[in-house]
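Please read these numbers as outputs of a predicted model, since none were measured by experiment.
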Amino acid sequence: MDTELDNVMDYQKDKVKPSSYKLYKQSLKKLLEIQKTPHKSIGSNTLVELEESDYTINNIASLINNFSDLKDKLTKKVDKKAVYENNTIKNYLSALNFIKQSPVIEKLLKEDALALLYEFFGIIKDKIKKNTLSNEKSVKEEENWLSPEELDKIEKKLKKEYKQNKNKDTLQKLILVILYKGKIIRPLRNDYAGMYISNDDDTDGNYLYIDEEDHTKKYFVLNDYKTQRHYGKKKYTIPKRSVLNRLLTDLYEFRVEDGVTHFLENPGIKKELTSMSKNNLTKYLQNLFNSYLNKKVSTSMLRSIYISNLDFNKLSTGKLKKISKDMTHSFDTQQTDYKKLES
């Protein structure tokens, strides 16, 4: 269905990470939907679905050639609130920037449209930089921010639900809430997605190691993550007497019973027994927090919440740098990107 999109993108496929290529492709599909949706319908939470006939070279090129119209949709406000956050717009523009030199469409692109794209891209990046330097929460962050009390409330509620009904999806939700609260392991990115469970303590990829003889001996291993080249292999040990350790044993028993090795599993009958992708983990967490607190929260925000709740007056620079390393980002990223102040 999206063969033409692959044709446009394939010229640089080997030069970017698979995760980046996938994100660019998802962004371009979303832009095609936005392009097809009438301006008056933007912000109604429903975009026009794409058909096979929408994936043409001319349509893809028109994302840039008709950028003025696309820009109007991306910057639309409903009740004085922006439909698309600047970071979301930046991701979309990065995808357009990725395909602009594709031999398949390069000769079709108009210079004035490219100039408008470059100009707007610069404006968006400046806005993000200004907001980052101020350390203020965005409107979206203000609306969906979680307090420590709210996280505790969800954890307690899920514990109660799991105690009443040993359901593996409830168990999975409880484990994720504990992991992203950061009390045992400081919040990671979406690295738990695609992870598998292994009894081999020296293998490839990202996995949860569980000792075959002593199931209380557990640790997470990251070999493949965003900043792996800088920080190398990471290992996070689970305390033997912790609630998390016991819950992970329960999850392991569910997976063994089902004959699968993945750590996280997609919900629903149709997707049952399939490993959860990073994109699906984001949706899963958003649905989880939305159902309990009517808030949409991602891993990035959970990492930001954890850092913002640290007592910076009592923590030394050395300790803060250790926290940054555990979370696989730099000290500067901690201070400028994740640490948020009241706006």
Side-chain angles (χ1 to χ4, degrees), residues 1-9 22-102 104-131 137-144 279 282-283 286-287 290 294-298 300-301 343:
M1 182 175 178
D2 53 7
T3 304
E4 294 290 12
L5 190 55
D6 285 324
N7 290 339
V8 172
M9 297 180 66
K22 185 177 181 180
L23 179 60
Y24 289 147
K25 189 171 183 179
Q26 289 171 344
S27 295
L28 290 168
K29 286 183 176 181
K30 186 63 69 174
L31 286 173
L32 286 169
E33 289 178 350
I34 293 171
Q35 178 174 253
K36 189 177 181 181
T37 302
H39 187 277
K40 65 180 181 180
S41 300
I42 297 294
S44 63
N45 294 324
T46 304
L47 295 175
V48 177
E49 291 186 9
L50 296 175
E51 300 173 2
E52 189 172 354
S53 58
D54 293 313
Y55 290 97
T56 64
I57 296 299
N58 285 333
N59 259 2
I60 296 167
S62 69
L63 291 173
I64 294 176
N65 287 336
N66 297 333
F67 186 70
S68 179
D69 292 338
L70 188 60
K71 177 189 169 188
D72 288 343
K73 293 178 180 179
L74 292 175
T75 55
K76 183 181 177 181
K77 292 185 178 181
V78 176
D79 297 328
K80 297 183 179 181
K81 179 185 173 184
V83 175
Y84 298 102
E85 289 278 322
N86 287 331
N87 282 310
T88 301
I89 296 174
K90 181 187 174 185
N91 288 338
Y92 292 160
L93 300 184
S94 295
L96 293 178
N97 196 51
F98 176 74
I99 64 168
K100 72 180 188 297
Q101 292 181 331
S102 170
V104 180
I105 63 169
E106 189 175 17
K107 292 182 180 180
L108 299 175
L109 301 180
K110 301 174 183 177
E111 288 188 13
D112 58 338
L114 284 168
L116 181 60
L117 170 62
Y118 297 149
E119 179 186 17
F120 185 56
F121 203 179
I123 291 170
I124 291 297
K125 286 192 283 189
D126 285 343
K127 285 183 177 180
I128 292 172
K129 184 177 180 181
K130 183 179 179 181
N131 185 60
K137 297 173 189 171
S138 67
V139 174
K140 185 177 180 180
E141 286 171 332
E142 285 281 8
E143 291 175 349
N144 294 288
N279 189 47
T282 296
K283 294 177 182 177
Q286 288 177 339
N287 289 335
N290 191 48
N294 198 28
K295 294 183 179 183
K296 292 182 72 174
V297 184
S298 64
S300 181
M301 189 180 291
S343 57

With rounding to the nearest 0.5 angstrom, report the CG to CG distance, L28 to D6. 10.5 Å
Taking side chain as C-beta onward, heavy atoms only, is S62 less than 4.5 Å from L108? no
What do the steps show when you test K36 against E51 for side chain to side chain contact (heavy atoms under 4.5 Å, CB included), and what is the final call? CA-CA 10 Å; K36 189 177 181 181; E51 300 173 2; 4.0 Å; yes
Who passes ring pair (Phe, Tyr, Trp, His ring centres under 6.0 Å) against Y84, sequence neighbours left out? none
For T46 and T37 the tightest heavy-atom approach is O-CG2, 4.4 Å
Can K100 and N97 be counted as having a side-chain donor-acceptor contact under 3.5 angstrom? yes
Once you round to the nearest 0.5 Å, how far does CG of D69 lie from NZ of K71? 11.5 Å
In this structure, CG of N58 is separated from CD of E4 (nearest 0.5 Å) by 9.5 Å
Can you list everything that forms a ring pair (Phe, Tyr, Trp, His ring centres under 6.0 Å) with F121? Sequence neighbours excluded, please. none
T88 side, atom OG1; I124 side, atom CD1 - distance, nearest 0.5 Å: 10.0 Å
Could you tell me whether E143 and K140 have a side-chain N and a carboxylate O separated by less than 4.0 Å? no
So, does N65 use its side chain to make a donor-acceptor pair with the main chain of K110 at under 3.5 Å? yes
